[in-house]
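Shown next, in structure tokens, is the structure this report addresses.
When reading the values below, keep in mind they use all heavy atoms of this one structure, side chains included, and skip hydrogens, waters and symmetry mates.
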Amino acid sequence: MRILKDTHIDFLKHWKIALAFSALAIGAGVVSLILNGGPRQGIDFAGGSQIVVKMSEMPDLDELRVALEAQGLEGATIQEFEAGSNEVLVRTPGVEEGEQIDTSVDQVNAALDEIFGTTGMEGFDFNTVGRERLLQRLLQANPAGYDLDLELEQAEEAYGDQVSAILETRAELGLVTEWEQLDGRGIDPQALAVVRDGAYLGDHAVVNSESVGPQVGRDLRRQTMQAMIWSLVGMLAYISYRFEFRFGVAAVAALAHDVMITLGAFSMTGREFNLPVIAAFLTIVGYSLNDTVVIFDRIRENGTVMRRLSLYDRINVSVNQTLSRTILTSGTTMIVVTSLFLFGGPVINDFAFALLVGIVAGTYSTVYIANPIIYMWEQRATAQRR
Amino acid sequence: MTTLRWKLLIIAVVAAVCTFLAFTQEINLGLDLRGGIHLVLQVDVEEAVEAEVRDDLDSFRRLLADEGVALVDSETRGLDGFSVTVAPADVDAVIDLADDSFVTYDASRAGDGRVELDLTAQTRDSVEDGAVRQAITTIRNRVDEYGVAEPVVQRQGMSGDRVLVQLPGVADPERIKELLQNTALLELRLVQSGPAESRAALLTPYGGELPDGTEVLEADDGDPALGGGFYLLSAEPAATGRDLKTARLGQDELGLPAVNFTLNADAASRFGEFTGANVGRQLAIVLDDLVMSAPTINERIPGNGQISGQYTLEEAEDLALVLRAGALPASIRYLEERSVGPSLGRESIDQGVYAAIVGMAIVVAFMLVYYKGAGINAVIALALNLIIVMGLMATLGAALTLPGIAGLILLIGMAVDANVIIFERVREELDLGKTVKAAIEAGFSKAFSAIIDANITTLIAAVFLFQFGTGPVRGFAVTLSIGIIASMFTAIFVSRVLFEMWTQWRPRTLSI
């Protein structure tokens with residue numbers, strides 16, 4: 001089975017339209033960036049704190065905002081973390097230079113206690129209690145009746161194992177909403193009874209918290225810019241070395257195009273930049289070059305094989321020859337990245353989106369940006385020679 | 001054995017070794033998948049330098065006293081050093097003393113009997129460096145005492161004042177942060193007078209001025225017995241945290257949690273003498289410049305004591321822990337904190353693996369349908385690819401992070417790329433009418449340069465990512481790099497071998 005055999009599409013013919021289309025897409029992105037005051041920076045770059053809280057049910061987000069303000073958290077943004085999972089992401093702005101970072105976990109917990117009506121409850125919250133506390137309880141209650149003077153180590157080990165079993169189960173469940181959920185999971189019933197006594201099932205637990213100080217944010221911004229610039233320089237050098245300088249310029253122009261398109265897409269969809277997203281950008285840069293290199297390689301090869309063809313025809317022939325390969329590889333990579341985007345979960349979602357847009361842009365730019373530039377360069381050079 | 005057989009053997013060995021490694025050396029999971037906490041903290045090196053300068057000034061004053069030089073005045077000058085003022089006639093003697101015994105300072109005259117001692121730049125660097133290294137050691141001790149498996153405590157960057165701490169499996173970030181940040185400077189000092197309600201009230205009997213060799217410290221308001229307020233204490237401690245042999249959880253007279261400590265042999269005897277000579281006076285137990293308690297010395301104390309202050313069980317345990325582990329040389333400040341709970345880590349793994357399986361299934365199906373027999377070739381190469389990556393990552397101890405899993409998924413697409421280049425080329429050659437064997441040869445050799453170039457460019461990007469990235473991003477870079485190298489190996493070497501096997505078996509046709 002094969003597709004696209006022996007095609008003879010004149011790709012270069014419509015290059016002006018293609019460039020205009022790209023210019024339009026990039027233009028839209030730029031407008032969006034200007035309107036939003038630049039790219040939306042995640043806490044990695046802007047500093048700040050971010051918490052993900054899992055709850056037994058979704059509260060009213062406006063209520064939550066008010067409760068957070070009451071706790072002193074001004075300017076917090078709240079959004080749903082993963083559709084249908086009763087998790088929210090709370091983001092608070094950064095601290096000033098020289099101040100200690102603060103994940104605001106305490107304030108968020110207090111606000112949620114207000115909303116769920118669990119402020120000032122007796123005992124400890126089973127959903128957030130730490131290992132030490134549980135172990136202490138078991139040692140104090142000593143349901144297995146160890147002689148704690150002589151057998152302290154054995155007791156600590158045995159109870160320690162039971163605590164681990166309990167915490168494992170809790171981790172699997174995320175948030176325990178009914179005590180019955182702990183049944184039948186290999187937890188010692190005596191130990192469980194001890195733990196239940198004096199505990200309540202809280203309605204919320206912080207699953208993830210991050211806080212980045214202003215110095216670190218600054219450093220990351222600087223490092224990222226360096227990484228991107230040096231990468232492009234490295235690519236330019238490598239392509240110029242393997243092919244010719246004009247090929248290098250064309251390739252880098254295509255890469256810049258891809259980056260701008262992806263940047264615009266992020267801005268228009270309101271997504272944030274954080275470190276993994278930048279990693280995705282750099283990967284796109286490297287990967288987009290794949291396509292470009294394959295076609296350049298073919299153009300170079302056809303230069304020796306088909307001397308009589310003009311550059312225009314040579315480019316077209318090369319693209320046509322490699323067309324099925326280009327479609328196929330981009331296709332398979334897009335399949336896997338789409339899978340990642342759809343099923344990979346919320347943590348990696350922005351990363352997957354960047355890859356997806358970047359790969360589409362990359363394939364397009366190889367044909368419609370890099371090649372026209374090579375052609376134009378040659379035209380300019382020939383015109384000058386005359 | 002034919003060359004082909006050798007090649008097959010190599011492949012089989014590589015596959016077996018990697019599978020073995022992947023299963024026995026468990027793959028190291030990054031914090032974002034395992035759950036745990038990642039902290040970057042900054043050591044206040046200036047504080048350490050200032051403390052060093054203060055200590056040196058004390059030593060210098062004692063030296064002058066021993067040599068019989070009368071001191072008119074002295075003061076510290078922040079990070080630069082300190083200065084002493086003596087009678088103009090003694091200036092030369094002082095400078096000689098400084099040059100002989102205080103080589104870490106440059107002594108100079110400043111007129112009017114004043115001698116300035118400047119800390120040399122070299123010494124200052126070494127004090128700062130020492131402070132960071134000491135802080136790292138102390139933090140490591142505390143982390144070990146707390147009982148974290150596989151912790152990471154290391155300096156971040158080549159030099160400088162930042163420390164990276166990674167603690168997998170820790171679920172209570174607030175507690176560990178406090179634990180690490182606690183300066184825990186313990187001092188036992190003689191009480192001159194107190195308590196008083198304010199500094200002014202305390203100093204009134206002394207004419208409002210601080211007498212030599214004393215310091216005013218506040219009392220911790222947690223303990224009602226102290227009554228809050230200010231104490232006038234001797235500046236020099238009778239014993240410090242450095243003299244501790246051990247500190248342990250105990251109970252005070254009310255049965256509340258407290259910390260019992262014992263001094264080491266050296267300090268114990270000095271302490272015994274000291275307390276023997278000061279029976280009836282109060283001894284203040286000072287923690288981080290706060291007076292925790294001030295019991296009266298009833299008799300000679302052979303070298304142990306108790307710190308109590310309305311502690312909860314956890315607080316007392318943590319205090320005993322930090323006292324055992326040692327005090328921090330300077331205060332630390334947190335610059336970055338990321339903590340992932342175990343449930344989120346688990347979810348992330350599940351989702352990542354699911355996406356990988358779905359993606360891989362579709363790609364495999366596609367390859368088989370589109371390239372038929374050769375497709376099997378590609379699938380085997382792909383499977384081998386993943387095994388090699390897993391094995392290498394397990395051996396190198398590289399951490400698999402969530403972006404790393406995404407990298408593997410990306411690799412599935414890219415690994416197929418190399419095969420596609422080759423197959424398309426082979427199809428072309430077959431179309432040109434070449435024999436199966438010639439087509440395969442031509443296909444591979446012509447595709448070779450394209451594959452190398454394409455993969456190297458992605459590798460360059462991965463190398464830069466590794467250089468400039470941290471944590472999860474670095475995990476991605478490592479996974480990607482290993483994967484690219486593995487995929488080049490499988491595409492060029494393994495695929496070729498599989499094709500050769502096929503041509504030996506069916507020399508005239510090629511299912512592609």
What option among [options] has the most heavy-atom pairs under 4.5 Å with chain A?
options: B:Met360, B:His38, B:Arg338; answer: B:Arg338
options: B:Ile421, B:Val353, B:Leu480; answer: B:Ile421
options: B:Gly345, B:Ala356, B:Gly341; answer: B:Gly341

Query - Engaged part of A:Phe81 at the chain B interface, taking heavy atoms whose separation is under 4.5 Å - result: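 A:Phe81 touches chain B through side-chain heavy atoms alone.
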Query raised in the report: Is chain B contacted by the side chain of A:Gln50, its backbone, both, or neither, given a heavy-atom distance below 4.5 Å?
Result: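 When you check distances to chain B, no heavy atom of A:Gln50 falls under 4.5 Å.
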Query raised in the report: So which heavy atom on B:Thr401 is nearest to which on B:Leu33, and how close?
Result: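 Nearest heavy atoms, B:Thr401 then B:Leu33: C-CD1, 3.8 Å.
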Query raised in the report: Are B:Lys446 and B:Glu429 within salt-bridge range, i.e. N to O under 4.0 Å?
Result: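 Yes, B:Lys446 and B:Glu429 are salt-bridged.
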**Report entry** B:Glu424/A:Arg298 salt bridge by N-O under 4.0 Å criterion
**Finding:**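 Salt bridge between A:Arg298 and B:Glu424, a charged N being under 4.0 Å from a carboxylate O: no.
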Report task. Check each atom of B:Glu337 against the heavy atoms of chain A and say whether the ones under 4.5 Å are side chain, backbone, both or neither. Result ->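 For B:Glu337, backbone and side chain are both near chain A.
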**Report entry** Which atoms of B:Phe476 approach chain A - backbone, side chain, both or neither, heavy atom under 4.5 Å
**Finding:**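 Looking at B:Phe476, just its side chain touches chain A.
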Query - Euclidean distance, B:Asn419 CG relative to A:Leu328 CG, rounded to 0.5 Å - result: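 Rounded to the nearest 0.5 Å, the CG-CG separation comes out at 12.0 Å.
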Query raised in the report: Tell me, which pairs form a salt bridge (charged side-chain N to carboxylate O under 4.0 Å, His left out) where one or both residues lie in residues 342-362 of chain B, sequence neighbours left out?
Result: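 Listed by first then second residue: A:Glu168-B:Arg346.
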**Report entry** Top contributor to chain B contacts, counting heavy-atom pairs under 4.5 Å, from A:Asp44, A:Val206, A:Leu167, A:Asp106
**Finding:**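 Between A:Asp44, A:Val206, A:Leu167, A:Asp106, the count favours A:Asp44.
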Query - Leading residue by heavy atom contact count with chain B [cutoff under 4.5 Å; candidates A:Leu355, A:Thr283, A:Val347] - result: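 Sorted descending by pairs with chain B, the first entry is A:Thr283.
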Sequence neighbours left out, cut at 3.5 Å: what donor-acceptor pairs do the side chains of residues 337-345 of chain A make with other protein atoms?
residue	atom	partner	partner atom	Å
A:Thr338	OG1	A:Met334	O	2.5
A:Ser339	OG	B:Ala355	O	2.7
A:Ser339	OG	B:Gly359	N	3.4

